[in-house]
There are 2 protein chains.
Amino acid sequence: MKYSVKEAAEKLGMSQHTVRYYTDQGLVPSLQRDQHNNRQFSQNALDWLTACHYLRQTGMSVKAVKHYVDLCLQGHQTIQERYQLITAQQAIAQQQLITAQKRLAFLNAKEKIYHEEMQGEQNDPMNPNTWQQNDDTKHKC
Amino acid sequence: MKYSVKEAAEKLGMSQHTVRYYTDQGLVPSLQRDQHNNRQFSQNALDWLTACHYLRQTGMSVKAVKHYVDLCLQGHQTIQERYQLITAQQAIAQQQLITAQKRLAFLNAKEKIYHEEMQGEQNDPMNPNTWQQNDDTKHKC
DNA sequence: GATTGCCTTCGAGTCACTCGAATCCATTAT
DNA sequence: ATAATGGATTCGAGTGACTCGAAGGCAATC
């Protein structure tokens with residue numbers, strides 16, 4: 001089964017522009033074209049694109065991802081370097097997971113506070129406590 | 001307790017340049033300066049910076065974050081808009097958590113495969129199977 | 001009194017998109 | 001047959017958010 005740029009973009013949740021950009025940068029070695037020069041993504045091509053997408057998300061530059069792809073194409077002899085690269089990104093991904101959890105926790109907490117502020121109208125704008133303070137705690141975020 | 005740009009940057013895990021950039025854009029309303037015009041972050045200022053950092057991470061532009069900060073400064077009357085904004089970013093943060101998990105799972109799997117490939121040397125480069133294929137599965141990522 | 005280290009502003013550069021224009025091709029509607 | 005529609009292409013300019021580095025100020029230390 002083959003996929004167009006549009007389909008590939010939808011499947012991976014990225015823009016068509018970005019999909020074209022990645023292929024133009026050589027990140028999808030197995031990419032084929034049809035008789036009209038349209039990009040045709042096989043499952044293997046989608047796999048490459050997915051891997052590149054994940055690696056980009058760990059903060060690797062497009063150039064660095066390209067280097068990784070090139071290492072893959074060189075075969076078994078580059079397994080050491082690829083392994084080190086992957087474990088480095090793995091560590092980053094672990095950190096990212098933790099910060100994603102913290103980020104969500106922050107927003108959950110904020111949502112709760114706002115929700116309460118909207119329900120009970122404890123924060124009366126006419127209450128002097130809400131406008132007579134003059135230090136920097138006047139503006140809580 | 002007050003913190004310098006360097007300390008704030010270290011505490012929040014962002015670059016000093018970015019910290020200065022955010023303050024210059026007005027994202028930290030309670031920011032003070034000392035007698036030498038150096039930025040001085042109170043705990044409250046750090047809280048603002050943290051909130052902005054999180055919101056940026058959910059994909060909001062600096063301009064959109066600035067708008068949120070302005071809404072906060074306008075007080076209780078903007079609670080509705082802020083609530084909607086926060087819940088929207090909350091939904092995004094949930095998605096981000098899921099993709100962070102998938103990303104890590106991908107890298108864990110890859111690490112495992114590479115690890116195995118390095119341990120047992122099943123992939124003998126002299127084995128014709130590793131170089132005689134000619135379809136696009138020749139290059140697995 | 002020079003070096004060190006941290007701070008400042010400012011302006012240029014970079015990366016990864018992001019957008020839009022111009023064009024091509026195939027299918028469908030008039 | 002011709003026109004419109006929808007998706008594809010390439011190319012080049014524009015954008016957002018850093019990122020870097022220069023030039024300089026101030027304070028403490030060697």
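Computation of the quantities below employed the complete heavy-atom set of this structure, encompassing side-chain atoms and omitting hydrogens, waters and symmetry-equivalent molecules. In what follows, chains are A, B, ... by sequence order, proteins preceding strands, each numbered from 1.
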Between N or O atoms, less than 3.5 Å apart, protein on one side and nucleotides 23-26 of chain C on the other: list the pairs.
from    : atom 1 : to     : atom 2 : distance (Å)
dC25(C) : O3'    : H36(A) : ND1    : 3.4
dA26(C) : OP1    : H36(A) : NE2    : 3.0

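For the residue pair D70(A) and Q74(A), no side-chain donor N or O sits within less than 3.5 Å of a side-chain acceptor on the partner. Using a 3.5 Å distance cut-off with no hydrogens or angles, the side chains of Q96(B) and R103(A) do pair a donor with an acceptor. Looking only at atom types and distance, the side chain of S4(B) has no donor-acceptor partner in the side chain of R39(B) under 3.5 Å away. Side-chain polar atoms of Q40(A) and Y3(A) form no donor-acceptor pair below 3.5 angstrom.
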(request) Check the pair V69(A), C52(A) against side-chain contact (heavy atoms from CB on, under 4.5 Å), reporting the backbone distance first and the verdict last. (result) CA-CA 8 Å; V69(A) 171; C52(A) 291; 4.0 Å; yes

(request) Evaluate the criterion side-chain contact (heavy atoms from CB on, under 4.5 Å) for residue pair F41(A) and T23(A); output intermediate values, then yes/no. (result) CA-CA 10 Å; F41(A) 290 84; T23(A) 61; 3.7 Å; yes

(request) Check the pair L49(A), L27(A) against side-chain contact (heavy atoms from CB on, under 4.5 Å), reporting the backbone distance first and the verdict last. (result) CA-CA 7 Å; L49(A) 197 54; L27(A) 301 191; 5.9 Å; no

(request) Would you sort out whether I98(B) and K102(B) count as a side-chain contact (heavy atoms from CB on, under 4.5 Å), showing the intermediate values? (result) CA-CA 6 Å; I98(B) 292 170; K102(B) 288 185 183 168; 4.0 Å; yes

(request) Take nucleotides 1-7 of chain C nucleotide by nucleotide from the 5' end and write B, S or -, depending on whether a protein heavy atom sits under 4.0 Å from the base, only from the sugar-phosphate, or from neither. (result) -----SS

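A nucleotide of DNA chain D counts as in contact with chain B when one of its atoms lies under 4.0 Å from a heavy atom; the first and last such, 5' to 3', are dA17(D) to dA27(D).
Nearest-nucleotide assignment on DNA chain D puts the 5′-proximal partner with D24(A), out of R56(B) and D24(A). Summary of the strand contacts: V62(B) and H17(B) both lie near DNA chain D, and taking for each the nucleotide with the nearest heavy atom, the more 5' one is attributed to V62(B).
Other residues, nucleotides and ligands place more than 12 heavy atoms under 6.0 Å from the CD atom of Q25(A).
Note that OH of Y68(A) and CD1 of I86(A) are 4.0 Å apart. Values are rounded to the nearest 0.5 Å.
Close to dA16(C), at under 4.0 Å from its OP1 or OP2, lies no side-chain N or O of Y22(A).
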